[in-house]
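Since the structure is predicted, the reported quantities are computational estimates derived from the model, not experimental observations. Protein chains get the first letters and strands the later ones, always in sequence-line order, with residue 1 at the start of each.
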Protein chains: 2
Amino acid sequence: MGDTRDIGEPTLEEQIAAYQREFQDLDPQVEKVVSALSRLNRRMNVAYGRQTAALGISNAEWEVLKALVLSGAPYRMGPSDLAKRLGLTPAAMTHRIDRMVAEGLVTRERDESNRVRVIVELTVEGREKWLEAMRLASVFEEDLLQDLSAEERTTLGEVLTRLLRRVEHAQPDAGGRLSDLD
Amino acid sequence: MGDTRDIGEPTLEEQIAAYQREFQDLDPQVEKVVSALSRLNRRMNVAYGRQTAALGISNAEWEVLKALVLSGAPYRMGPSDLAKRLGLTPAAMTHRIDRMVAEGLVTRERDESNRVRVIVELTVEGREKWLEAMRLASVFEEDLLQDLSAEERTTLGEVLTRLLRRVEHAQPDAGGRLSDLD
DNA sequence: TCTGAAGACTTCAAAGCTAAAGTTCGAAGC
DNA sequence: GCTTCGAACTTTAGCTTTGAAGTCTTCAGA
């Protein structure tokens with residue numbers, strides 16, 4: 001799942017130079033931020049994949065566990081809520097839950113008060129898997145940010161949040177331009 | 001491909017509060033950076049997906065075009081180099097190239113000097129598609145960073161690059177800890 | 001020249017996803 | 001009470017990716 005197949009990439013600097021060469025009207029500063037962001041995220045996902053694989057679960061399953069845990073006790077959600085939360089189609093959710101039920105990470109039962117609904121509930125085992133994964137992840141994340149001072153961390157968090165708000169409250173139109181919604 | 005199915009997410013603040021509640025030994029500052037990073041990246045990919053879809057290509061095809069263009073003239077690469085570059089298996093690359101040949105974005109031919117090798121070459125049409133996609137992407141990216149001062153952009157780029165170096169030159173071990181390689 | 005090994009790509013079967021078409025249940029109107 | 005509509009989930013068909021097996025070519029050594 002998260003193996004070392006991403007070799008042979010140019011360095012970030014080489015890549016930006018190549019962009020400059022092939023597409024002149026590009027702000028290298030902007031491109032540096034965007035490229036570093038996407039590359040960093042890819043590497044982090046590979047790392048998370050390695051960690052969850054070591055626990056015998058996939059990244060996909062980890063995401064389901066995360067959604068259930070973060071929903072709070074009693075750790076129950078419907079399949080379509082989970083699907084929306086994870087950005088999957090309901091059909092994909094059905095299959096994913098199938099697998100996780102078989103592995104004992106969650107249970108699935110009909111809601112007795114409304115028999116159309118289904119309730120997916122985290123098992124004790126599932127919750128423990130999540131905790132183990134979180135322990136690994138938090139060590140990794142702490143290590144990742146190790147070289148940043150407390151002030152740098154705060155600033156970084158604040159800047160990223162501002163960018164996030166900008167994409168969240170706006171939709172790029174056909175031309176790519178972000179138009180504010182509020 | 002990149003539609004608006006990611007509704008129903010808690011806000012970043014709610015999510016961090018939930019983490020605190022369910023997993024006490026977690027530095028909220030670290031978690032904020034990591035969560036914002038991953039969320040921002042997800043939103044950006046949705047935006048890119050919308051843009052490439054408007055041009056009639058998929059994000060997957062866009063990545064192939066990008067690799068070829070950035071390799072520089074004459075825009076040629078072998079399937080396995082492309083596969084390594086994109087983090088795919090050679091098998092997936094074969095199929096992806098099939099589709100792109102059918103769409104006229106690239107050509108595939110045997111290398112005459114070594115008939116085991118195959119050369120994938122960008123067509124003029126493929127190069128133009130990439131340029132169109134880049135024009136859209138650069139507008140979006142410029143808009144995204146609009147609220148950041150020149151100084152903030154520089155700092156952000158520099159900090160992200162430092163983080164990137166930290167993941168690139170180190171591999172998380174079983175326990176998640178980053179061990180330097182150099 | 002022949003043989004064996006390694007490399008580069010393709011083919012095949014199976015996993016996981018999406019979109020669209022069911023299926024089942026609940027609620028609202030007649 | 002019956003019908004119709006809508007909601008929530010599942011099923012089905014088709015696509016993309018993976019891992020493993022297969023094919024073809026090159027190269028080194030006998």
Side-chain angles (χ1 to χ4, degrees), chain A residues 1-8 42 45-46 49-50 52-53 56-64 67 76-103 105-121, chain B residues 1-8 42 45-46 49-50 52-53 56-64 67 76-103 105-121:
Chain A
M1 172 136 293
D3 53 326
T4 321
R5 221 181 316 103
D6 44 2
I7 315 288
R42 213 165 348 121
N45 283 336
V46 169
R50 254 193 278 270
T52 53
I57 62 177
S58 68
N59 258 349
E61 290 168 331
W62 185 40
E63 284 182 4
V64 176
R76 296 176 169 197
M77 291 179 78
S80 26
D81 293 333
L82 274 171
K84 260 184 240 157
R85 181 74 189 67
L86 300 186
L88 294 177
T89 60
M93 208 62 236
T94 295
H95 298 315
R96 207 181 268 194
I97 293 169
D98 285 346
R99 299 192 290 276
M100 295 181 71
V101 167
E103 291 166 359
L105 298 170
V106 300
T107 60
R108 167 162 45 190
E109 60 187 46
R110 292 225 157 260
D111 182 344
E112 284 311 318
S113 69
N114 182 342
R115 298 175 39 69
V116 174
R117 287 172 190 274
V118 168
I119 299 177
V120 178
E121 180 173 336
Chain B
M1 172 136 290
D3 54 327
T4 322
R5 221 181 315 101
D6 43 2
I7 315 288
R42 213 164 347 119
N45 284 336
V46 170
R50 254 194 278 270
T52 52
I57 61 176
S58 67
N59 257 348
E61 291 169 330
W62 185 40
E63 284 182 3
V64 176
R76 297 175 169 197
M77 290 179 78
S80 28
D81 292 333
L82 275 170
K84 261 185 240 157
R85 182 71 189 66
L86 302 186
L88 294 177
T89 59
M93 209 58 238
T94 295
H95 299 315
R96 206 181 268 193
I97 292 168
D98 285 346
R99 299 192 290 276
M100 294 181 71
V101 167
E103 291 164 1
L105 297 171
V106 301
T107 59
R108 166 161 47 189
E109 58 186 47
R110 293 225 156 258
D111 182 344
E112 284 312 318
S113 69
N114 181 341
R115 299 177 37 71
V116 172
R117 287 173 191 274
V118 168
I119 298 176
V120 178
E121 181 172 333

Is the closest side-chain heavy-atom distance between Val120(B) and Met100(B) below 4.5 Å?
-> no
Rounded off to whole Å, could you give me the [atom1]-to-[atom2] distance for the [X] and [N] pair?
| X | N | atom1 | atom2 | value |
| --- | --- | --- | --- | --- |
| Ile119(B) | dA8(C) | CD1 | C1' | 13 Å |
| Asp98(B) | dT10(C) | CG | P | 7 Å |
| Asp111(A) | dT10(D) | CG | C1' | 17 Å |
| Lys84(B) | dA8(C) | NZ | C1' | 10 Å |
| His95(B) | dT18(D) | NE2 | C1' | 10 Å |
| Arg108(A) | dA8(D) | CZ | C1' | 13 Å |
| Ile97(A) | dT11(D) | CD1 | C1' | 15 Å |
| Asn59(B) | dT18(C) | CG | P | 14 Å |

So does Arg96(A) get a side-chain nitrogen or oxygen closer than 4.0 Å to the phosphate oxygens (OP1/OP2) of dA15(C)?
-> no
Would you please confirm or rule out a distance under 4.0 Å between OP1 or OP2 of dT10(D) and any side-chain N or O of Thr94(A)?
-> yes
Mind checking what makes side-chain hydrogen bond (donor to acceptor under 3.5 Å, both in side chains) contact with [X], not counting sequence neighbours?
| X | answer |
| --- | --- |
| Glu121(B) | Arg76(B) |
| Arg108(B) | Asp98(B) |
| Asp111(B) | Ser113(B) |
| Asn114(B) | none |

Is the backbone of Ser58(B) close enough, under 3.5 Å, to the side chain of Glu61(B) for a donor and an acceptor to pair up by distance?
->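 Judged by distance alone, yes, a pair lies under 3.5 Å.
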Partners of Ala91(B) by side chain to side chain contact (heavy atoms under 4.5 Å, CB included), sequence neighbours excluded?
->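 Ala91(B): side chain to side chain contact (heavy atoms under 4.5 Å, CB included) contacts with Thr89(B).
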Output one line per pair: protein atom, nucleotide atom from nucleotides 22-27 of chain C, and distance, for all N/O pairs under 3.5 Å.
{"residue": "dG26(C)", "atom": "OP1", "partner": "Arg115(A)", "partner atom": "N", "Å": "3.3"}

Walking DNA chain C from its 5' end, the first of Gly78(B) and Arg99(A) to be reached, judged by nearest nucleotide, is Gly78(B)
